[in-house]
Trainee: 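Quick one: this structure, given as C-alpha cells, is what I'll be asking you about.
In the text below, chain A, chain B and the rest are named by the order of the sequence lines, each starting its count at 1. Fair warning: this is a prediction, and the values are worked out from it, not measured in the lab.
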Amino acid sequence: MSDITLTIDGRTVHAAPGSTILEAARGAGIRIPTLCWHEDLGTPSACRVCVVEIAGMRTLQPACSYPASQGIVVRTNSPIVREARRMAVELILAHHPDDCLSCARNLRCELQQLASDLGIREIRFERVKRGLPRDESSPSIVRDPDKCINCRRCVEACEKIQGVAALSVINRGFDAVVMPAYEDGLMDAVCVMCGQCTLACPTGAIIERDDTARVWEALSDPDRHVVVQTAPAIRASLGEELGLPAGSIVTGKMAAALRRLGFDRVFDTDFAADVTIMEEGHELLQRLGSGGTLPLITSCSPGWIKFIEHFYPELLPHVSTCKSPQQMFGALAKTYYAERAGIDPAKMFVVSIMPCTAKKFEVQRPEMRASGRQDVDVALTTRELGRMLREAGIDLDDSPEEDFDAPLGISTGAAAIFGATGGVMEAALRTVYEVVTGRELPPESLEFHDVRGLQGVKETTVTLNGNCVNVAVAHGLANARRVLDRIRSGQAPWQFVEIMCCPGGCVGGGGQPIGTVMNTRAERAGALYAADRDMELRSSHKNPAVATLYEEYLERPLSKRSHELLHTHYTPRR
Amino acid sequence: MTAVPGAACQCDSDFLSQVERIASMYRGKPEDLVLALHDVQALRNYLPREALRVVARVLDVPESRVYGVATFYSMFSTKPRGRHIIRICESAPCHVMGAKEVIDSLLDQLGVEMGGTTADCLFTVEATSCLGVCGVAPALMIDDEVYGNLVPGDLFEILERYK
Amino acid sequence: MEFYRSHVLVCGGSPCVAAGCRAVRVEIERLVREQGLDREVRVVETGCLGPCDQGPIVVVYPEGTVYHRVNMGAAREIVAEHLVKGRPVTRLQYAGELPSVSTADDKRTDYFQIQKRIVLENVGLIDPESIEEYIARDGYLALGTALTNLRPADVIETVKRSGLRGRGGAAFPSGAKLEFTARTESDQKYIICNADEGEPGTFKDRLILEGDPHKVIEGMIIMGYAVGATHGYIYIRGEYYISIERIERAIRQARWLGLLGANLFGSGFNFDIEVKKGAGAYVCGEETALIESIEGKRGIPRRKPPYPGTSGLWGKPTVVNNVETIANIPPIILNGADWYRGFGTSTSPGTKVFTLTGNVNNRGLIEVPMGITLREVIYGIGGGIPDGRSFKMAQTGGTAGGCLAEAHLDMPMDYESMQSAGSALGSGALLIIDDSHCIVDVACSLLHFFAHESCGQCTPCREGTTRLVQIFDKLRQFRATQADLDLAMELATVMLRSSLCALGQSVVVPLGTIMQHFEGEIQAHLHGKCSVGLCHGACDCAEGRPAENV
C-alpha cells in the first residue's frame with residue numbers, strides 16, 4: 001500500500017509507510033550511492049555518503065535511515081549533496097591504502113566502485129595509513145585493519161546476526177578502528193570463524209585466508225593423488241561467483257571444471273552427507289530409545305560447533321558426535337577409498353570446496369586425523385575456487401556437464417538440501433521416518449516445508465509410529481542462542497534440533513560470493529530444493545554407494561569403525 | 001611512551017578476587033559497565049586485560065564491547081600507568097592563560113612525554129580536555145585533587161607532596 | 001536550634017578547592033576550636049561565590065566581610081583579629097563585591113547590580129551539604145506546590161509561558177520539550193539531567209551542583225511529574241569528584257526526608273534519581289551519546305529521528321535537560337511565568353549563567369539577565385583586560401562557539417543577536433583573549449580539541465577534525481597555501497551539513513568566524529608572517545620544517 005507521497009529530484013514518488021528515503025528512491029529507480037548501508041544489517045548512518053538535501057532542513061540527512069515522510073522534497077544530486085558525498089569518499093580514501101591492484105577485493109570493492117562512480121580523481125589530503133599489523137593468526141580469516149573504513153558492518157554481522165560479538169570499534173576519532181577485544185588476533189578471540197564479516201566488509205579489511213597456492217602446488221605434483229569434494233551449497237553458488245545469475249545450478253559443469261583444473265578424482269561431499277544422515281539418524285534413534293541427552297543437536301557446521309564450545313559448553317552433551325560431512329569424507333577418503341583404490345594415503349591430498357571459512361579451522365582440529373594424518377588437507381571457499389578457475393582461464397559456461405567420480409561422488413537429493421537451512425533436518429526425517437516405520441514416504445510427503453525458508457527459528461512435529469517427535473531448526477547464531485537458551489532453561493519441547501551457523505545455512509556461508517544477501521540466499525536454497533526434486537533418489541539410506549560402504553567397511557551405523565572414523569568429541573573453550 | 005618497569009600487572013589471585021568482588025556489585029547489569037570500570041580501575045590505575053575479562057564475565061557483556069568502552073573514554077587506560085595520574089588541561093581557556101609553559105615545565109621536570117609514565121612509576125601525565133575550573137586556569141588535576149592558577153614555578157612543590 | 005554569633009563561609013567550589021580552600025577551612029576550624037569559639041562561630045563550606053580567580057574566598061557574617069586569596073597565614077590572622085577581637089582585617093579584604101553577599105547596609109555598585117541571581121540564588125549562601133538550609137530558603141516549596149496544587153499540564157503551561165529555553169547550548173524551548181514527552185504514551189519515561197559539562201571554559205553546572213544540589217533534584221522531580229516519569233538520572237562528568245559527592249549526598253538526604261521515593265507529598269507520585277558517572281568524553285554532552293553512555297556503551301550519538309522525547313533511554317520517552325535549565329524550574333514554578341519574563345529580553349527571558357575566563361581581570365561565575373552586552377561583561381563585571389593589554393577576541397559558548405572581534409563588543413548577548421553574528425550563547429562560556437595571542441595558535445588549540453573529542457562514528461567528523469588540525473598546523477609553520485585554506489573551509493562546511501551530530505556540525509562556527517573576523521592575520525601566515533611573533537620557528541609539530549621567513 002503506497003500512501004506516502006514525496007518528491008525526489010523533481011519526481012513524485014510513492015512509498016510505503018515506514019520506508020526510508022533510500023527505499024523510496026530505489027523503488028522509483030533513483031539510485032543513491034551508499035557505503036556503510038547494507039540491506040540485511042542495521043543502518044548506522046555513519047559514512048554520510050548517502051546524504052540528501054531535504055527542503056527546509058538545515059543539514060543534509062542520510063537517505064538510508066531518514067524516513068520517507070509525506071510531502072518532503074528531496075534532492076539527491078544538488079551541488080551541496082555532491083560536494084558532501086565526494087568529500088566523504090575523499091576523506092576515506094585519504095585514510096586508506098592505495099594498493100587496489102594487489103588487494104584481494106580488487107574489482108569487488110565497494111569503496112573502489114564508489115570512487116570510480118563518483119569520478120574521484122584527486123585526493124587533496126595527505127595520505128595517511130594506520131600502520132596496524134595484518135592479523136593472520138586465524139586459519140580462516142585475515143584482517144587488515146589499515147583497510148577498515150569504520151562502517152561497522154562486520155561488527156553488526158558478528159554481534160546482531162551471529163550473536164558472537166568478537167569485534168568492536170575501539171578508540172575514538174581518527175584512531176577509531178574495528179578490532180577484537182584487547183586487539184588480539186582472531187585466533188585468540190571468541191571468533192567462530194564463520195566469515196560473515198568477510199561478506200559484510202565493503203573493502204579488503206576482512207577476507208578469507210587464501211589457500212589456493214597450496215592446492216596449485218599439490219595439483220602440479222605428479223606424485224600426489226589429489227581428490228576434491230564439493231559441499232552441497234557450492235553447486236548453487238559457484239556459478240554466481242563466476243558471473244551467472246544467483247540460484248544457477250552448475251553441478252555438472254563444476255565437476256568438469258574441477259577435472260580440467262587437474263584433480264585426479266572429483267568427488268562430492270553429498271556422499272558424506274548421506275553417510276551423516278545414516279549415523280546421525282541412528283544416533284537420534286538410539287538416544288530416543290535409551291534415554292540419552294535430548295534434544296540431539298546437529299553438528300555439521302564448524303562455526304556452530306566453535307560457538308557452542310565458547311558460549312554454551314555445558315550443552316555440549318546435546319551435540320551429535322557425528323563429524324561434519326567434510327570430515328567424514330576426509331576420513332573415508334584416506335581410509336576406505338585409499339584401500340579400495342590401492343593408493344598410499346600418505347600420497348593423497350584431499351581438497352574440499354566449501355561455502356565456509358570455518359571449514360579451514362575445522363580441517364586443522366586435532367580430532368580430525370582419523371586416518372592417522374590430517375584427513376582433509378585444504379578447505380577452499382567458493383571464492384577461492386572461483387579465483388583458481390579464473391586464473392586457469394576455465395569458463396564454467398563453456399564447460400561440459402560431467403558426473404562426479406564413483407563411489408564417493410554418488411549421492412541423493414537428501415544430501416543436496418544439506419546446503420539450505422532445515423535441509424539436514426528434512427534429510428534426517430526422510431530416513432528416520434522410513435527406518436522407524438518401515439514404510440516408504442509417498443513422494444508428496446517427502447518434503448517437509450515447515451522446516452524450509454528463512455524464518456529464524458522453525459519448528460514442526462512429526463509422528464513416528466504414533467510417537468510425536470518435536471523438532472526445531474535455527475540458522476544464524478543469534479537465532480541459535482534463542483534455541484539454546486530454551487534448552488538451557490529446561491523448557492524446550494524438542495527431541496531433535498538442527499543448527500546452522502550462517503543465515504540461510506551453507507548457501508549463506510561466509511565463504512560464498514561477495515554480495516551474498518538474504519535474497520541471494522533464498523535463490524540458492526531454491527536451486528538446491530529444485531536439484532533435490534530432480535534426483536532419482538531422495539533419501540540417504542537409499543544411496544547405493546552408502547549401502548556398499550556399510551556392507552564392505554563400516555558394517556552398520558554407529559559401529560566401532562564408524563565411531564573411530566566418523567564421530568568426534570568437543571572442547572569447552574570458555 | 002616511557003617503559004613502565006615493575007608496573008606491569010601482577011594479576012595475582014588476590015587482585016583478581018578484588019576485581020571479582022567489585023564487579024559482582026554490578027552483576028548482570030551491563031548498563032553499569034562504565035561505573036564498574038571506574039571502580040576496578042581504582043585498584044591499579046589502569047585496566048589490565050585480566051580485569052576486563054572478569055568484568056565482562058560478571059556483567060555479562062562481550063569482551064570486545066568492554067574493550068571498546070575501555071578505549072573510548074579518556075579516563076580509562078588499558079596500559080599500565082603510574083601511581084598518580086596527572087591530568088593537565090590543554091583546552092583554549094587554559095591555553096591562553098599560559099598552559100603550554102606549565103605543560104612544558106611539567107614534562108621537563110618529570111622527564112616524560114605527554115602520555116608517558118615516569119621511570120619510578122610515580123606519575124603518568126595525560127592531556128585532558130577542560131577540567132571545569134577555568135576560573136583558575138591554567139589547571140591540572142592529580143588523581144582527584146585540582147590545582148589552579150598555575151605557573152611553572154608551582155609545580156615542584158605540588159609534585160613533592162606526592163613523593 | 002543553636003545560635004552562632006558568626007558564620008564563616010569558606011567557598012568550596014572546585015576552583016577554590018583548586019586554589020587550596022580545603023586546607024584553609026581545616027585550619028580555620030582548628031583555630032576556632034583552639035580558641036574555644038566552636039559554640040559561637042560556625043564554619044561552613046559553601047558553594048561558589050563567583051570570583052574564582054580570587055580564591056580561596058572566605059566570607060564572615062554577619063558583617064559580610066569578604067576575604068580573598070586566603071592562605072594559611074591569612075587564615076590565622078582572620079581568626080585572631082576578626083573572629084576573636086572583632087576587627088576585620090582590612091588588608092586582606094576583597095575590593096570587589098560578591099553578588100551573593102548581601103548585608104543590611106548593602107552599598108551596591110552599578111557593576112554589581114548588573115548581576116541577577118535566580119539559578120544561583122543559594123549558591124555561596126547555604127551549606128550545600130545541608131538539606132535543611134535549602135528548605136529554609138523555600139527549597140522544595142515549588143515541588144510541594146506543583147504536586148498538591150497543579151496538574152502536570154499546568155506545570156508544562158507555566159514553563160511554556162515562562163519562555164525558558166534549554167541552557168545547554170541548543171536553546172530548545174523547554175516547555176515544548178516537556179509537552180512532547182508528556183504526550184507520548186509509554187509505560188515508562190525518564191528525566192535525565194545532563195551534567196556532562198565538557199565545553200571548555202564552562203563550569204557553571206559544576207558550581208550549581210556543588211553549591212545548590214537540591215535545586216537540581218527539585219527541578220528534576222517537578223519535570224518528572226509534568227511528563228509522567230518516575231525515574232531520573234543525573235549524568236555527571238567522571239572528573240567532577242566534588243559534584244558527584246555533593247549530589248549523591250543530597251539525594252540521600254532527600255530520600256531520607258521522603259522528598260524522593262514513593263508517594264511524594266502524599267500525592268501518589270513516585271520519583272527517584274540515580275547518579276551515573278561519565279569517564280571522559282566531551283561528546284557525551286550530546287543527549288543521545290549521553291543516553292548510550294548511561295546504557296553502558298561507547299558514548300556515540302544516535303541518529304535522529306527518533307528523538308529522545310519519543311525514544312530515548314532504553315527506547316523510552318526521555319527528557320534530557322541541562323543542569324542550569326533544570327535549576328530554573330523551581331523558581332519559575334514558585335514565582336510564576338510572568339515573574340520570570342520580567343528578566344531578560346522578550347525573546348530570551350530570564351537570566352543566563354556565564355563563566356568568564358581567559359585574559360580578563362575578574363574570572364569566574366556570573367548570572368546576568370539576557371541581553372547584556374559583551375562590553376558590559378568584559379569591562380564591567382570582568383574588570384577589563386589585565387597587564388595593559390587590549391581586547392582581541394571573545395569566544396562565546398565554548399569551543400564550539402563563534403570567535404567575535406572588537407566590532408561585536410556592543411552586541412547584546414541573547415540567542416538571536418549571537419546567532420546573527422555567527423555565534424551562540426551555547427553553554428555560557430565566555431573566553432576573552434588579549435592581543436598577545438596569535439589567532440592561528442588559538443585556532444590550532446580549538447581544532448585539537450575537536451580532533452581529540454570526535455567520537456569517530458561519522459566520516460566527516462572522524463576524518464575531518466584531524467585533517468583541519470593538519471592544515472592549521474601547516475599554517476602555523478608557514479607551509480600552508482590559499483588552496484589549503486579553501487580546502488579547510490570547504491571541509492568545515494561539509495562537516496556542518498553532513499556530520500551526524502552537533503560536534504562535527506559546529507566546528508565551522510569557530511573556524512568560520514576566525515576566518516571571517518581575522519582574515520588579515522590568517523593571510524599573513526600564508527606569507528610567513530605572524531603579527532604576534534608566536535609562530536616563527538615556534539612550531540611544536542614534530543614533522544614541521546622550520547619556517548624560513550619571518
Side-chain angles (χ1 to χ4, degrees), chain B residues 26 29-39 41 59 61 65-77 87 89-100 103-104 113 126-150 158, chain C residues 13-20 48 51-53 55 197-203 205-206 237-241 276-282 284 293-300 314 355-359 363-365 395 399 429 431-434 437 441-442 445-446 448-449 452-453 455 540:
Chain B
Y26 305 99
K29 291 171 77 181
E31 69 273 20
D32 284 342
L33 177 59
V34 173
L35 300 181
L37 293 181
H38 267 299
D39 291 354
Q41 182 170 268
L59 271 69
V61 182
R65 192 199 282 179
V66 171
Y67 190 73
V69 167
T71 56
F72 181 83
Y73 295 98
S74 63
M75 289 179 79
F76 296 142
S77 175
R87 294 189 171 90
C89 175
E90 50 175 22
S91 294
C94 277
H95 182 75
V96 303
M97 294 303 284
K100 194 174 177 309
I103 292 172
D104 290 347
E113 286 175 18
E126 294 182 351
T128 178
S129 297
C130 187
L131 292 169
V133 290
C134 322
V136 292
L140 61 74
M141 199 164 168
I142 302 183
D143 304 331
D144 56 0
E145 280 296 318
V146 185
Y147 298 88
N149 286 327
L150 296 172
I158 292 174
Chain C
S14 281
C16 275
V17 171
C48 179
C52 302
D53 60 327
E197 183 175 57
E199 193 68 72
T202 312
F203 46 99
D205 296 341
R206 163 180 218 150
R237 286 187 69 177
E239 295 93 337
Y240 277 16
Y241 291 93
K276 288 275 191 170
K277 266 195 290 186
Y282 166 73
C284 288
S293 188
I294 290 183
E295 292 183 4
K297 302 181 213 157
R298 293 164 58 86
I300 61 175
W314 319 117
T355 45
L356 193 54
T357 64
N359 307 128
R363 292 176 283 154
L365 184 72
Q395 190 178 26
T399 299
L431 172 64
I432 312 303
I433 296 179
D434 70 25
H437 292 277
D441 181 63
V442 171
S445 168
L446 300 176
H448 268 290
F449 172 78
H452 185 251
E453 298 298 341
C455 83
D540 52 7

Trainee: For Asp144(B), is it the side chain, the backbone, both, or neither that has a heavy atom closer than 4.5 Å to a heavy atom of chain C?
Mentor: both
Trainee: Against chain B, label Arg298(C) side chain, backbone, both or neither, depending on which of its atoms sit under 4.5 Å from a heavy atom there.
Mentor: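 Both backbone and side chain.
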Trainee: Just by distance, do the side chain of Tyr73(B) and the backbone of Gly299(C) share a donor-acceptor pair under 3.5 Å?
Mentor: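 Yes; at least one donor-acceptor contact below 3.5 Å.
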Trainee: Using the side-chain contact (heavy atoms from CB on, under 4.5 Å) criterion, which residues pair with Ala19(C)? Sequence neighbours excluded.
Mentor: Pro56(C)
Trainee: Between chain B and each of Lys276(C), Glu199(C), His437(C), Arg363(C), count heavy-atom pairs under 4.5 Å; write down the option with the most.
Mentor: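 Top count of heavy-atom pairs under 4.5 Å with chain B: Arg363(C).
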Trainee: Taking side chain as everything from C-beta outward and backbone as N, CA, C, O, which of these in Cys284(C) sits under 4.5 Å from a heavy atom of chain B? Side chain, backbone, both or neither.
Mentor: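 Side chain only.
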Trainee: Over all heavy atoms of both residues, which pair between Asp143(B) and Tyr241(C) is shortest? Give the atoms and the distance, please.
Mentor: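 Here Asp143(B) and Tyr241(C) meet closest at O-CE1, 4.0 Å.
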Trainee: Report which part of Ala139(B) has an atom under 4.5 Å of a heavy atom belonging to chain C: side chain, backbone, both, or neither.
Mentor: neither
Trainee: Checking heavy atoms, do the side chain of Glu239(C), its backbone, both or neither come under 4.5 Å from chain B?
Mentor: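 Both backbone and side chain of Glu239(C) come within 4.5 Å of chain B.
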Trainee: Only pairs of heavy atoms separated by less than 4.5 Å count here; which of Gly364(C), Ser293(C), Gly55(C), Ala429(C) has the most with chain B?
Mentor: Ser293(C)
Trainee: Name the region of Phe449(C), side chain, backbone, both or neither, that has any atom closer than 4.5 Å to a heavy atom of chain B.
Mentor: side chain
Trainee: So for Gln41(B), is it side chain, backbone, both, or neither that comes closer than 4.5 Å to the heavy atoms of chain C?
Mentor: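 For Gln41(B), no heavy atom lies under 4.5 Å from chain C.
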Trainee: If you tally heavy-atom pairs under 4.5 Å against chain B, which of Pro200(C), Gly296(C), Ala281(C), Ala18(C) wins?
Mentor: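 Most heavy-atom pairs within the cutoff with chain B belong to Ala18(C).
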Trainee: Using non-hydrogen atoms only, which part of Ile433(C) is less than 4.5 Å away from chain B: side chain, backbone, both, or neither?
Mentor: side chain
Trainee: Of the non-hydrogen atoms in Leu431(C) and Val96(B), which two are nearest, and what is the gap between them?
Mentor: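 It is CD1-CG2, 3.9 Å.
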Trainee: Who wins among Asp205(C), Thr355(C), Thr399(C), Asp441(C) for the most heavy-atom pairs under 4.5 Å with chain B?
Mentor: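 With the most close heavy-atom pairs to chain B, the winner is Asp441(C).
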Trainee: Considering non-hydrogen atoms only, spot the tightest contact between Thr357(C) and Gly135(B) and give its length.
Mentor: CG2-N, 4.2 Å
Trainee: For the candidates Leu131(B), Leu37(B), Asn149(B), which exhibits the highest count of non-hydrogen atom pairs separated by less than 4.5 Å from chain C?
Mentor: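 Highest number of pairs under 4.5 Å: Leu131(B).
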Trainee: In Å and rounded to the nearest 0.5 Å, what is the OG to NE2 distance from Ser129(B) to His452(C)?
Mentor: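 Here the rounded value is 5.5 Å.
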Trainee: Which one of Cys16(C), Gly278(C), Gly13(C) has the most heavy-atom pairs closer than 4.5 Å to chain B?
Mentor: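 The candidate making the most pairs under 4.5 Å is Gly278(C).
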